Structures are given as structure tokens and as C-alpha cells.
Amino acid sequence: MMAEEEEEAKHILQKLQELVDQLYSFRDSYFETHSVEDAGRKQQDVREEMEKTLQQMEEVLGSVQGKAQALMLTGKALNVTPDYSPKAEELLSKAVKLEPELVEAWNQLGEVYWKKGDVAAAHTCFSGALTHCKNKVSLQNLSMVLRQLRTDTGDEHSNHVMDSVRQAKLAVQMDVLDGRSWYILGNAYLSLYFNTGQNPKISQQALSAYAQALHKYEESYGEALEGFSRAAALDPAWPEPQQREQQLLEFLNRLTILLESKGKMKVKKLQSMLGNLRPAHLGPCGDGRYQSASGQKVTLQLKPLSELKPGVNSGAVVLGKVVFSLTTEEKVPFTFGLVDSDGPCYAVMVYNMVQSWGVLIGDSVAIPEPNLRLHQIQHKGKDYSFSSIRVETPLLLVVNGKPQGSSSQAAATVASRPQCE
């Protein structure tokens, strides 16, 4: 009987977790299902979704009501909005008392205190979470909280800022692909710059962290723009942040114009190019000789660009024509526009290539297991919306039916590639 009860409790907690995950996905992916014009309605829509989720959770709570995990999940659901929730504080406080090793409850409680304006209590929560388990969320939040702690002396504040940099570095080390960690590290360096005599070396580290958030990891355009803008506002006489911000805005502006106009290509010419697409252009991606990340040779299913889902599309391959190419000041990534039908044009962003590598307008390009990103960027009254496919190395591409050779790759990268027998 005990085993049956345990199994039932496990099933209920799993259902509660799914409901909370769906709620946060609704909030975090809001602009993937709504237009930028809906931005003013987002908070209200999230609140309505929260109420609906809480009602569904109430209906399935059953035997787990009062258990630490259930209290944490309910508190987390209440914590989805930017507002402080006394009920969330109450439930999360109970959860950490019942199960002190429940790290997510500590992190959620820390966020609640932060919203309440109790920075010292938030600091205690994030530090407490780290005593039980080293995790990037606690490290990120602790880095931010440390810079806001009230202190009696300037020296004490400087120590907190240096500690903030240390925590942000640890978060980056835990997951170098997390753009948020890089952005927080940039902010920590920026605070250190203004608290330690404005050492130019530290300012460069701040800009470098923002650039990492942008170019190499997760393409966090919004965070990078905000970081450059913040740096420029704190020191208007410092030209580099303004230049970086302007360069990025120009890139996004040019990119979105080219995507919307399909490289400003005339309809007749585009139709002629698309008419020349052949199954042979898939190369090893079209006949079962593609070696997947797991090392197995698989047959990929050809899909239209318009059918791709956000994230890695396993088992799929797309094939299209290049209609434009675009490079940034840093030359990374190499960006080109890909079209496969009358549908929209997608940006393809290729990393880790030698500077001499590129594709030409009219080339046929196949991309196995494409990694799709949906971008909704708002900055200083301007909106940028586009879809991109991230390609870690040119070795993953098939151009005009041919896999790209190792000479196309700039640095050692762990990646699968089309294999020829």
C-alpha cells in the first residue's frame, strides 16, 4: 500500500511540475506566440495564465498537499510575475523549513525577498542555496544581490563588488553557453570599474563579457545592447560602448531589412534559383550517410524552413538557396539569408570558420538537424524580429552537394559532420 501511495504522490508532483513549467514557458516564450504589438498586454496575460495554472494545481494536489515540493511549486507559480507575493513568501518559507536541501525553493524565496526589497534576506537565501548545491541560478542572483547590499563603508561595498565578480565568474564556468551569466558578469565588471578607480583593463573585461553574451554564446542580442547602453550611460565620455551598441544596431537593422526583402532579390530571379534546387544538393544528408551527434548513420527527413521548431530539430534537414551574406565588424558569425520556397527568409549564423570561408548568392545549402532561434528584440523604441539557424561550424554544412572540408574550420570544435563513405 505504501508503494502505491508513493507512486501516486510521485505522479502528482510530476503533473504539478509540468503545469509550472508550462506557465514559465508561456512567460519566457511569450513573443514566440504573440506579436511585438502585444508587449503591453504581456504582464496581464501572464497573470491570467498564473491564475489558470493555480486552479489546475489545486485540482490535482491531493495527497501531496503540504509537502515541501508541492509548496515550492505553488510558490514558484505565484512568483511568475514581477510583483511581490506574500503568499509565495509564506509557501516557500514553509518549503525550506520542511526540506532545507530544496535548492529551488531557496532560489525562489530569494527572488521573492528581492521583489519585496529585502536585499539582505535575498542574499541569505541565495547563499543558503549554495551551501546545499552549487548551481548557476544561485550564483547569478548572488552576484546581482551583492552589488545592492547596503554597507557602512566604501571599502565594504568594494569587497561586495569584487565578490560579485567572483560569483558571476563561477556561474559562467558552470555553463559557458548561458548568455545571462555573461551579461551578469559584464554588469559585475562594470560596477568594479566604477568602484576601483576606473581601471581601463576592467572596462575592457566588461565589454568583453557583453560581447561573449552576444557573439559566442546564445546570441543574447537584447542583453548585449542593454549592457553596452548601460556602460555608455555610466560614462558618456567613454566612446567604445556607444560604438559597440551602434554597430550591433546597424547589423540588426541591415539584417532585418535583408531578411524581409529576401536579399532585395527580384521575384523572377528568386523563382529561377529555387527551381534549380535538386535532391543531389543534400549530399550525404539525403541518402542515409549522415552521421548524427550520437555517432549513428541516419536518414534525415527534408523539411521546409517554415516547419522548424525552436531548438535543435533532430532527424530533419533543410535545403535552400543563399540570397545574401552579411558580416559584422568582428567577422563572427558569418551570416547569410536562406530561402527554400515562397515562405520567409531565415538568417543562418555560422561560427568557428576561417575568415576566408563563405557562401555565395545562389549557392544551395543543406543544414542537418538545424538549431532554430526566434529573436524578439526591443531597444530604445526599436523592434527587431527574425528567425535564425545557429551553426557551430561550417563542417556541419553541405554546400552545392559537398560537405565542407576541415580547412573551413578555424578552431577545434566538437561537432558531427556529414560523412562520406
Side-chain angles (χ1 to χ4, degrees), residues 32 35-37 219 221 249-287 290 300-310 313 316-329 331-351 353 355-377 382-391 394 396-405 408 418:
E32 292 176 17
S35 67
V36 176
E37 286 74 30
E219 290 159 11
Y221 295 105
L249 286 171
E250 284 172 7
F251 170 76
L252 291 171
N253 196 48
R254 287 168 62 205
L255 177 61
T256 48
I257 288 171
L258 286 166
L259 289 170
E260 285 167 16
S261 64
K262 298 184 180 178
K264 300 181 180 178
M265 191 163 286
K266 290 180 179 174
V267 176
K268 240 180 185 177
K269 186 177 180 184
L270 181 59
Q271 287 175 341
S272 172
M273 277 170 48
L274 291 172
N276 290 328
L277 276 175
R278 299 282 181 269
H281 293 153
L282 289 167
C285 294
D287 55 10
Y290 172 71
L300 299 170
Q301 182 186 359
L302 180 61
K303 281 197 172 184
L305 287 164
S306 58
E307 286 187 16
L308 295 180
K309 302 281 189 254
N313 289 259
V317 60
V318 292
L319 175 66
K321 285 286 186 179
V322 177
V323 291
F324 71 83
S325 64
L326 188 63
T327 54
T328 62
E329 295 287 329
K331 308 295 183 190
V332 177
F334 181 90
T335 303
F336 63 92
L338 194 70
V339 175
D340 65 356
S341 68
D342 293 333
C345 183
Y346 283 43
V348 179
M349 298 182 172
V350 186
Y351 294 79
M353 74 289 169
Q355 284 204 9
S356 59
W357 183 88
V359 291
L360 303 174
I361 292 172
D363 280 348
S364 300
V365 176
I367 308 172
E369 303 193 308
N371 184 0
L372 180 68
R373 307 287 175 88
L374 303 177
H375 303 276
Q376 291 281 358
I377 304 149
K382 289 189 177 181
D383 299 322
Y384 303 95
S385 176
F386 62 95
S387 299
S388 74
I389 295 172
R390 182 185 175 101
V391 180
L396 291 168
L397 298 176
V398 176
V399 182
N400 299 323
K402 297 175 182 175
Q404 299 303 281
S408 64

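Throughout, residue positions are numbered sequentially from 1 according to the sequence presented. What you see is a predicted model, and the numbers here were worked out from it, not measured in a lab.
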Peer 1: Test Ser408 against Met353 for side-chain contact (heavy atoms from CB on, under 4.5 Å), laying out the working first.
Peer 2: CA-CA 6 Å; Ser408 64; Met353 74 289 169; 5.8 Å; no

Peer 1: Calculate, to the nearest 0.5 Å, the distance between atoms CD1 and CZ belonging to Ile367 and Arg390 respectively.
Peer 2: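 Here the rounded value is 13.5 Å.
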
Peer 1: Kindly compute the distance separating CD1 (Ile389) from CZ (Phe336), expressed to the nearest 0.5 Å.
Peer 2: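 Nearest 0.5 Å value for the CD1-CZ distance: 8.0 Å.
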
Peer 1: Taking only residues two or more places apart in sequence, or in another chain, which ones meet Asn253 in a side-chain hydrogen bond (donor to acceptor under 3.5 Å, both in side chains)?
Peer 2: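 For Asn253 there are no side-chain hydrogen bond (donor to acceptor under 3.5 Å, both in side chains) partners, ignoring immediate neighbours.
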
Peer 1: Hey, is the main chain of Val339 close enough, under 3.5 Å, to the side chain of Lys321 for a donor-acceptor pair?
Peer 2: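 Not at all, since once roles are kept as given, no pair shorter than 3.5 Å links the two residues.
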
Peer 1: For side-chain contact (heavy atoms from CB on, under 4.5 Å), just list the numbers for Leu252 and His375, CA-CA rounded to whole Å, side-chain angles, deciding distance to a tenth of an Å, and then say yes or no.
Peer 2: CA-CA 11 Å; Leu252 291 171; His375 303 276; over 6 Å; no

Peer 1: Can you check whether Lys402's main-chain N or O pairs, donor with acceptor, with Gln404's side chain at less than 3.5 Å?
Peer 2: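 A pair under 3.5 Å: yes.
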
Peer 1: Given side chains that start at C-beta, do those of Leu397 and Val391 come closer than 4.5 Å, heavy atoms only?
Peer 2: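 With C-beta onward as the side chain, the pair touches.
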
Peer 1: Only distances under 3.5 Å count here; give the side-chain donor-acceptor pairs of residues 269-285 to other protein atoms, sequence neighbours excluded, each with its distance to 0.1 Å.
Peer 2:
unit_1	atom_1	unit_2	atom_2	d
Asn276	ND2	Ser272	O	3.3
Arg278	NH1	Gly275	O	2.9
His281	ND1	Arg278	N	3.1
His281	ND1	Ser364	OG	3.1

Peer 1: Using modelled atom types only, decide if a donor and an acceptor are shared between the side chain of Asn313 and the backbone of Pro370 within a distance under 3.5 Å.
Peer 2: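 Between the backbone of Pro370 and the side chain of Asn313 there is a qualifying donor-acceptor contact (under 3.5 Å).
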
Peer 1: Mind checking whether Leu259 and Cys345 have side chains closer than 4.5 Å, heavy atoms only?
Peer 2: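 They are in contact (side-chain heavy atoms under 4.5 Å apart), so the answer is yes.
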
Peer 1: Please report the shortest heavy-atom distance between Asp340 and Pro304, naming the atom on each side.
Peer 2: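 The pair with the smallest heavy-atom distance is OD2-CA, 3.3 Å.
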
Peer 1: With no hydrogens and no angle check, is any side-chain donor or acceptor of Tyr346 less than 3.5 Å from a backbone partner on Leu305?
Peer 2: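 Indeed, once roles are kept as given, a pair shorter than 3.5 Å links the two residues.
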
Peer 1: About how many Å separate CE of Met349 and CZ of Phe334, when rounded to the nearest 0.5 Å?
Peer 2: 12.0 Å

Peer 1: In Å and rounded to the nearest 0.5 Å, what is the CG to OG distance from Leu338 to Ser387?
Peer 2: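 Between Leu338 CG and Ser387 OG, I get 12.0 Å after rounding to 0.5 Å.
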
Peer 1: To the closest 0.5 Å, what do you measure between CG (Leu326) and OG1 (Thr335)?
Peer 2: 6.0 Å

Peer 1: Compare every heavy atom of Ala366 with every heavy atom of Val317, then report the nearest pair and how far apart it is.
Peer 2: CG2-CB, 4.3 Å

Peer 1: When rounded to the nearest 0.5 angstrom, what is the spacing between OH in Tyr384 and CD in Gln376?
Peer 2: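 Here the interatomic distance stands at 13.5 Å.
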
